[in-house]
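Each residue takes its place number in the sequence, starting with 1.
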Amino acid sequence: MSRFFFGIILGAAMMYGAMHYHLVRGQDGIFMVPKVTSDLSDVYVDIRGFTLEDWKQHKPLAAAILNSDRSEVLADSTLTGFRDNMHSLVDRLLSSE
């Protein structure tokens, strides 16, 4: 019976983590980024080979990375304009709270 309760507690903790954090694998390793919105999208993302089109499909992830001051993972020079747009998006999201 104790294994059952341990499984319930472990599952609840994992669901909480999946709903509130992105697990991101970048060039410098794996790190956790708090999500901007609580949902189950982009729980684990490997961003090592991301292109501009990939970032356009993962805008909440990019906003979460910028919001957590981990923007160094967006160091690719082709993303400069996108990074500026995401900074303004994050500013709008944070000012609306």
Next item on the list: Work out which heavy atom in Ala62 is nearest to a heavy atom in Trp55; give both atom names and the distance.
Entry: CB-CE3, 3.8 Å
Item checked: Shared hydrophobic cluster for Ile47 and Leu66 (ILVMFWY, side-chain gaps under 4.5 Å) -> yes
Notebook entry, point to check: With no hydrogens and no angle check, is any side-chain donor or acceptor of Lys35 less than 3.5 Å from a backbone partner on Asp42?
Noted result: no
Checklist line | Gap separating the CZ atom of Phe6 from the CZ atom of Arg3, nearest 0.5 angstrom | finding: 10.5 Å
Notebook entry, point to check: Any chance CE of Met19 has more than 12 other-residue heavy atoms, nucleotides or ligands included, within less than 6.0 Å?
Noted result: yes
Next item on the list: Spell out, yes or no, whether Val45 and Phe31 are grouped together once hydrophobic residues are joined by side-chain heavy atoms under 4.5 Å, including indirect joins.
Entry: yes
Next item on the list: Identify the heavy atoms of Ala18 and Leu40 that sit nearest to each other, and give their distance.
Entry: CB-CD2, 3.8 Å
Check: Does His22 reach the side chain of Val43, with side-chain heavy atoms less than 4.5 Å apart?
Finding: no
Notebook entry, point to check: So does Tyr44 have more than 12 non-hydrogen atoms from other groups sitting under 6.0 Å from OH?
Noted result: yes
Check: Distance from Phe5 atom CZ to Leu10 atom CG, nearest 0.5 Å?
Finding: 15.0 Å
Check: What closest approach, in Å, do Ala64 and Pro34 show between heavy atoms, and which atom pair accounts for it?
Finding: CB-O, 3.3 Å
Notebook entry, point to check: Crowded around Met32 CE? As in, over 12 foreign heavy atoms under 6.0 Å?
Noted result: yes
Notebook entry, point to check: In a check of side chain to side chain contact (heavy atoms under 4.5 Å, CB included) between Val33 and each of Asn67, Ile65, Asp69, which one passes?
Noted result: Ile65
Check: So how far is it from His58 NE2 to Lys56 NZ, rounded to the nearest 0.5 Å?
Finding: 13.5 Å
